[in-house]
Novice: 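My questions all concern the structure below.
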Amino acid sequence: MKRIIFLLTGLMAILLNACTNDIEMRYPPKYELPELPVVEGIHEGQNAPLYWSIYEYAYEQERAGVSGNDMDFTEAQWDEVIDWVATRLKPYGYDMVCTDGFIPMLAKDASGYMTHYGSMSLADLSAKCKARGLRLGVYDNPLWIHGSLDTKIEGTDRTFGQLVYDGSTQVQNPTAQDQWFTWVVSEKEGAREYIDGFFRHYKELGVDFIRMDFLSWYEDGRDRAMGTVGRGYGREAYARALAYIAQSAKKYGIFTSLVMPHLNNDAEVEARYGNMVRIVADTGNGGWQHTSAQEKGRSYTTWPNCMNQFDGFIYWSHIAGRDKVILDGDFLRLNRYTSDAERQTAVSLQLMAGGPVAVADLPSTIGDALPFYTNDELLQLRRDGFVGQPLSDKLGDGNSEIWHGSLTNGNHVVGLFNRSDQSQTVSVALSQLGISGEAKVRDLWRHADEGAASTLSATIPAHGCKIVLLSK
C-alpha cells in the first residue's frame, strides 16, 4: 500500500509539474521595424511616482449618468484635495495630484494646446500645487489635437489641420472613422514640432508628468472590448510617434506614462521610449476584482493583455527592473476592498513590483483606509528604487505568488501572497531566492522583528500577504 501511495504521489507531482510548465502565455506578436533611434538615459534614476488621481470621482460621475460636457471638478474641490494630499499623504512621499479623462480638456489660448480641465485653469492648478509643495500631473496625449485646426505650429509654416489624416497615408482600417480623438499623423511634416511644442507648453506650466492614453487605438485602431475604433496608423507610425515623444519629454524633463498599449514585440517600443507603461485593464470599480480575481490566469495578445493587476505584473515582470521601464498597475481605490488583508495586498503588490501607488480615493470615501497607503517601512522600497520579481513568471503557477528582490544596501525583501479565497500556508527556502544561510526577518506590516530563519513560512489569510525584510 505504501508503495502504491508513493507511486501515485510521484505521478501527481509529475502531472502538476507538467501543467505548470505547459501554462500558455499568450504574448503579443512580433513585428519587424526599421532601426529605432536611441534616447539616452530615459530610465536612469527614475522611480515610480506616488500620487493622487481624480479617477474615482470622474468614473463615478460617469456611472451616475453625468455626461462629459457637464462634468467638472471645481476650484473648491481642487482646494480640498490639494490640502488633504499635502497634509495627509505628502509626508510619506506622495507629491503629486493628477487629472484624468472624462472631464472636458479645453484649449483656450493661441497655443492650441490644452489650457483648462473643465472650469479649472491648468496654470492656476499648477500654482496651487506648487504653493503646497506638490506637483501637477496631467492626463493628455501629444498625439491629440484640442485647439483650432487653423492654429500655426510654432517654428513651421504648417497648421494643426495639416497634421490630420487626409487620405494620403496608409492606415490599418481605411473604411473606419476615428472615435473620440483627432489624431496627429506622425509622418506628416510638422508632427515632430507639434509634439515638441506640446511638451514645451507643459514645461512652461510647471507640469512634469504626462499620462497619455488610448495608444492601442493609434497603433492599429482596435480595442479587444470595442472592436474597430479608428483608422489605426500602423506600427511604424506608432514607433515614430513614441520616438518623437521620448526625445521631447527627455529634453524638457517630463516623465511619460503610456496607457492602453498593445505592447507588441515584447513591448519593444514602449519599453524603449516610455518611463512607465500600463500592463493591466482599467481600475473601474476597483477592489479585489481589479487586484486579482478578474479573469485570473488568462492572457491575451492585445490590450489589455491581462485583466487584473496581479496577472499583469507577473506576465510583464521580465521587462522590468532597476533603470528599466516601470510597470503600472493603474489606480487603487482602497475603499472598495472588503478586508484589511486585501488592502495590504493591493499596496504591497505595487511596491514589490516597483510600480506606482496612485491613490484614487476621495477624502470623503477613503474611510479608515489611509494608513494602508502610508506604511513608511514599505514605502522605503520605492525610495530605494526596488523592483522585485516573482519566483515564477507563469500565470497560474503558485510560485508566481512569491516575490523577491534586493535593496541597494544588499538586504532582501520577500513577499508571500495568497490569492486564494481560503487561508493558506506559504513557504519558501531562502536558498530558492539565491540567499545562503540564515537572515534576520522583519515583518513590514507588523513592524516587528521575527528572529533569524533560513526558510520563510507563514499562514496567510485569504487575499492576504506577508512582506518581510531580510538582513544579515
Novice: Walk me through whether Tyr252 and Phe199 qualify under ring-ring contact (aromatic ring centres under 6.0 Å, His included).
Specialist: CA-CA 7 Å; Tyr252 294 108; Phe199 285 101; 7.3 Å; no

Novice: For Ala271, is there any backbone N or O sitting under 3.5 Å from a side-chain donor or acceptor partner on His43?
Specialist: yes

Novice: Heavy atoms only: give me the nearest Phe331-Ala360 pair and the separation to one decimal.
Specialist: CB-CB, 3.9 Å

Novice: Within a reach of under 6.0 Å around NZ of Lys440, are more than 12 heavy atoms found that belong to other residues, nucleotides or ligands?
Specialist: no

Novice: Leu134 and Met96: side-chain contact (heavy atoms from CB on, under 4.5 Å), yes or no, with the steps?
Specialist: CA-CA 5 Å; Leu134 298 174; Met96 181 171 67; over 6 Å; no

Novice: Given the side-chain rings of Tyr27 and Trp316, with only the six-membered ring counted for Trp, is the space between their centroids under 6.0 Å?
Specialist: yes

Novice: With distance as the sole test, does Thr87 use its side chain to make a donor-acceptor pair with the main-chain N or O of Asp83 at under 3.5 Å?
Specialist: yes

Novice: Any heavy-atom pair between the side chains of Phe209 and Cys98 that's under 4.5 Å?
Specialist: yes

Novice: Describe, in one word, how the ring planes of Phe198 and Tyr202 are oriented to each other, choosing from parallel (under 30°), tilted (30 to 60°) and perpendicular (over 60°).
Specialist: perpendicular

Novice: Between Glu268 and Tyr273, is any side-chain donor less than 3.5 angstrom from a side-chain acceptor?
Specialist: no

Novice: When you measure from the side chain of Asn308 to the backbone N and O of Phe310, does any donor-acceptor pair fall under 3.5 Å?
Specialist: yes

Novice: Report yes if some heavy atom in the side chain of Thr283 is under 4.5 Å from a heavy atom in the side chain of Arg333; otherwise report no.
Specialist: yes

Novice: Does Asn418 use its side chain to pair, donor to acceptor, with the backbone of Ile460 at less than 3.5 Å?
Specialist: yes

Novice: Applying side chain to side chain donor-acceptor pair (under 3.5 Å) to Glu270 and Tyr238, what does each step give before you reach the verdict?
Specialist: CA-CA 10 Å; Glu270 296 85 0; Tyr238 174 67; 2.7 Å; yes

Novice: Do Asp397 and Ser392 pair up side chain to side chain, a donor and an acceptor below 3.5 Å, judged on atom types alone?
Specialist: yes

Novice: If we count only N and O atoms by modelled type, under 3.5 Å, do the side chains of Ser292 and Arg419 hold a donor and an acceptor together?
Specialist: yes

Novice: Compare all side-chain heavy atoms of Leu470 with those of Val441 and state whether any distance is below 4.5 angstrom.
Specialist: yes

Novice: Quick one: pull up OG in Ser400 and CD1 in Ile314 and give me the separation to the nearest 0.5 Å.
Specialist: 3.5 Å

Novice: Start with the C-alpha distance between Asp376 and Tyr92, add both sets of side-chain angles, then the distance that settles side-chain contact (heavy atoms from CB on, under 4.5 Å), and finish with yes or no.
Specialist: CA-CA 7 Å; Asp376 204 49; Tyr92 300 92; 4.0 Å; yes

Novice: Checking side-chain contact (heavy atoms from CB on, under 4.5 Å) between Ile254 and each of Val138, Ile210, Asn275, which is the one that passes?
Specialist: Ile210

Novice: Can you measure from NZ (Lys394) to OH (Tyr315) and round to the nearest 0.5 angstrom?
Specialist: 10.5 Å

Novice: Short question: side chain of Gln389, backbone of Ser317 - any donor-acceptor pair under 3.5 Å?
Specialist: yes

Novice: Would you tell me whether Gln309 and Thr291 have side-chain atoms, one donor and one acceptor, within less than 3.5 Å of each other?
Specialist: yes

Novice: Do Leu33 and Val269 have side chains that approach each other closer than 4.5 Å (heavy atoms only, starting at C-beta)?
Specialist: yes

Novice: Between Asn375 (side chain) and Leu378 (backbone), is there a donor-acceptor pair under 3.5 Å?
Specialist: yes

Novice: Would you say that Leu263 contacts Asn305 through its side chain, given a criterion of any heavy-atom pair below 4.5 Å between the two side chains?
Specialist: yes

Novice: Stepwise, does the side-chain contact (heavy atoms from CB on, under 4.5 Å) test hold for His146 with Trp144?
Specialist: CA-CA 6 Å; His146 300 297; Trp144 293 340; 4.1 Å; yes

Novice: Looking at Lys30 and Asp266, would you say the former's side chain and the latter's main chain have a donor-acceptor pair under 3.5 Å?
Specialist: no

Novice: Return the CD1 to CZ distance between Ile326 and Arg278, rounded to the nearest 0.5 Å.
Specialist: 15.0 Å

Novice: Working to the nearest 0.5 angstrom, can you tell me the gap between Ile467 CD1 and Leu351 CG?
Specialist: 9.0 Å

Novice: Between the main-chain N or O of Pro390 and the side-chain N or O of Asn399, is there a donor-acceptor pair closer than 3.5 Å?
Specialist: no

Novice: Is a donor from one side chain sitting under 3.5 angstrom from an acceptor on the other, for His463 and Thr345?
Specialist: no

Novice: Assess the side chains of Glu56 and Thr365: does a donor N or O sit below 3.5 Å from an acceptor N or O?
Specialist: yes

Novice: What I'd like to find out is whether the side chain of Asn265 reaches to under 4.5 Å of the side chain of Pro28, using heavy atoms alone.
Specialist: no

Novice: May I ask you to test the Gln77-Tyr57 pair for a side-chain heavy-atom distance under 4.5 Å?
Specialist: yes

Novice: Is the number of heavy atoms from other residues, nucleotides or ligands under 6.0 Å of Asn409 CG greater than 12?
Specialist: yes

Novice: Say whether, by atom type as modelled, one donor and one acceptor occur between the side chain of Gln294 and the main chain of Met307 under 3.5 angstrom.
Specialist: yes

Novice: Between Trp403 and Ser348, does a side chain to side chain donor-acceptor pair (under 3.5 Å) hold up when you go through it step by step?
Specialist: CA-CA 10 Å; Trp403 284 67; Ser348 299; over 6 Å; no

Novice: With the side chain counted from C-beta on, respond yes when Ser299 and Leu395 share a heavy-atom pair under 4.5 Å apart, and no when they do not.
Specialist: yes

Novice: Let me have the donor-acceptor pairs involving side chains of residues 211-225, under 3.5 Å, with sequence neighbours excluded, atom names and distances please.
Specialist:
| unit_1 | atom_1 | unit_2 | atom_2 | d |
| --- | --- | --- | --- | --- |
| Arg211 | NH1 | Tyr51 | OH | 3.4 |
| Arg211 | NH1 | Asp328 | OD2 | 3.1 |
| Arg211 | NH2 | Asp330 | OD1 | 2.6 |
| Asp213 | OD2 | Tyr139 | OH | 2.7 |
| Ser216 | OG | Met260 | O | 3.1 |
| Trp217 | NE1 | Asp223 | OD2 | 3.1 |
| Tyr218 | OH | Val184 | O | 2.8 |
| Tyr218 | OH | Ser186 | N | 3.1 |
| Glu219 | OE2 | Arg235 | NH1 | 3.0 |
| Glu219 | OE2 | Asn264 | ND2 | 3.0 |
| Asp220 | OD1 | Arg222 | N | 2.9 |
| Asp220 | OD1 | His262 | NE2 | 2.9 |
| Asp220 | OD2 | His262 | NE2 | 3.1 |
| Arg222 | NH2 | Asn173 | OD1 | 2.6 |
| Asp223 | OD1 | Ala225 | N | 2.8 |
| Asp223 | OD1 | Met226 | N | 3.4 |
| Arg224 | NH2 | Pro304 | O | 2.3 |

Novice: For Cys306, does its backbone N or O pair with a side-chain atom of Asp311 as donor and acceptor, under 3.5 Å?
Specialist: no

Novice: Check the pair Asp100 / Tyr117 against side chain to side chain donor-acceptor pair (under 3.5 Å), numbers first and verdict last.
Specialist: CA-CA 9 Å; Asp100 202 76; Tyr117 184 60; over 6 Å; no

Novice: Val277 and Val259: side-chain contact (heavy atoms from CB on, under 4.5 Å), yes or no, with the steps?
Specialist: CA-CA 6 Å; Val277 60; Val259 181; over 6 Å; no

Novice: What residues, two or more places apart in sequence or in another chain, satisfy salt bridge (charged side-chain N to carboxylate O under 4.0 Å, His left out) together with Arg322?
Specialist: Asp384

Novice: Taking atom types as modelled, is there a side-chain donor on His290 or Asp282 under 3.5 Å from an acceptor on the other?
Specialist: no

Novice: Identify the heavy atoms of Ala48 and Gly354 that sit nearest to each other, and give their distance.
Specialist: CB-O, 3.5 Å

Novice: With ring-ring contact (aromatic ring centres under 6.0 Å, His included) as the test, would you mind laying out the steps for Phe73 and Trp78 before giving the verdict?
Specialist: CA-CA 7 Å; Phe73 202 67; Trp78 278 113; 4.9 Å; yes

